[in-house]
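Read through the structure below, which is laid out as structure tokens, and then see the notes.
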Amino acid sequence: MPLVAHTQLPTFQRLQQEGHRILNKDYALHQDIRELHIGILNMMPDAALEATERQFLRLVGGCNQIAQFHIHLFTIDGIHRGPDAQTHIDQFYESFESIKQQGLDGLIVSGANVTHAHLQNEVFWQPLSEVFEWAKVNVTSILCSCLATHALIQYCHKIVRTHHDIKRWGVFTHYVVDRSHPLVAHINTRFDVVHSRFNSVFRKDLEQAGLKVLVESPDVGVHLAVSKDGFRMVFFQGHPEYDAISLMKEYKRELVAWFTDQRDDLPPYPANYFSPQVITVLEDYVSRLEQARAQHAEMPEFPESAILPHLDNTWRDTAKAVFNNWLGQIYQITDLDRLIPFKEGIDPDDPLGLT
């Protein structure tokens, strides 16, 4: 599905350099291909703001070429922004009011950093709730990642996530548990998914609320679930959008936090992620890091160049397949008018005709 560069967003140029097909606006207007308008509510902190754009655009743009995709980026109040990030948002993002007026065919909601034990105490909870309230009526399907999943489930079903003492962090094997659902059609029945979270919602709670679990892991629980109607809300507890380097960047940030006394202990390695070669490199680096910290010296440079050649992405192809299925279903059931979520004759309570 070609992405349409309908703004000057730098991410479009970055993806084009990576080999993605990006259509300019004038060329797209002369193509007899249907448009789909997909919103991305980006709530990630400044350091991950543009990376998150690229990650989700790669998944959308990497799908089958059945439509032209117009991506509408926006964010919400309650998330602190530095001057550079705010300038980027002011220049390239749309307002939620504009989004509501023009409509969307699908909505992706990213994760976010939190500072409170309970989501309803976050400053962004009220504006996020307003997005949910609008989208669940006016958008064909909402797809959430990690924290956004926990927030939407709590908002709609009053299920409060459970906090773990140990972070569920790394790359984990998952299995498809409902092979009949269109979202998991033609994908591997066993595949990897990245997780990075201290919190979970459990299968028993989801099923008690009428939600349907499609994919789970024996190690970290549910990854993919859908709302009772089968499609209007899609919940990922993991991070299908992550790049091969994303966990490495998180590990580096945790090392910095330890070195600067923002955490008490050295971080563990993300599970099933670093190869033996990388662990050898990191063991040497951590030894030098401990010595520098003891001597109040500067933090040694992280050995990123020695690590990058040994990082594998074992989840991207399956993530692309699920996104392809999601977008393909939207294409089939959404109205040509993006202010109307369904074609005439589609049952909002069973949009995929699963019952």
Donor + acceptor pair across side chains of [X], [Y] (<3.5 Å):
X	Y	value
S141	Q329	no
H88	E53	yes
S287	E283	no
N42	Y93	yes
H239	Q55	no
D105	T334	yes
D229	S227	yes
H37	E35	yes
Y155	E133	yes

- Taking Y285 for its side chain and P300 for its backbone only, find out whether a donor-acceptor pair lies under 3.5 Å.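 Yes: the side chain of Y285 pairs with the backbone of P300.
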- Message: Test your reading of the model: is there a side-chain donor-acceptor pair from D347 to the backbone of P351, 3.5 Å cut-off?
- Response: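 Here the side-chain-to-backbone pair does not exist.
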Parallel, tilted or perpendicular, as decided by the 30° and 60° cut-offs, for the rings of [Y] and [X]:
X	Y	result
F56	F323	tilted
H223	F191	perpendicular
H195	H174	parallel

- Message: Is it the case that the ring center of F198 lies less than 6.0 angstrom away from the ring center of H164?
- Response: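 Between H164 and F198, the centre distance exceeds or equals 6.0 Å.
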- Query: What about the rings of Y273 and W169, do their centers lie closer together than 6.0 Å?
  - Reply: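 No.
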Other residues, nucleotides and ligands only: do more than 12 of their heavy atoms fall within 6.0 Å of [atom1] on [X]?
X	atom1	value
D77	CG	no
H80	NE2	no
R179	CZ	no
E298	CD	no
Q277	CD	yes
D264	CG	no

- Item | Side-chain touch I38/L327, heavy atoms, less than 4.5 angstrom |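 Yes - at least one pair of side-chain heavy atoms lies under 4.5 Å apart.
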- Task: Calculate, to the nearest 0.5 Å, the distance between atoms OG and CG belonging to S110 and L49 respectively.
- Result: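 Spacing of OG (S110) from CG (L49) equals 8.5 Å.
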- Examine R293 relative to W258 and say whether NZ or CZ is less than 6.0 Å from the centre of the six-membered ring and inside a 45° cone about the ring axis.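 Verdict for W258: a cation-pi partner in R293.
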- Query: Just checking, R34 and Y331: is the charged tip under 6.0 Å from the six-membered ring centre and within 45° of the axis?
  - Reply: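 Positive - R34 is close enough to the ring of Y331 and near enough to its axis.
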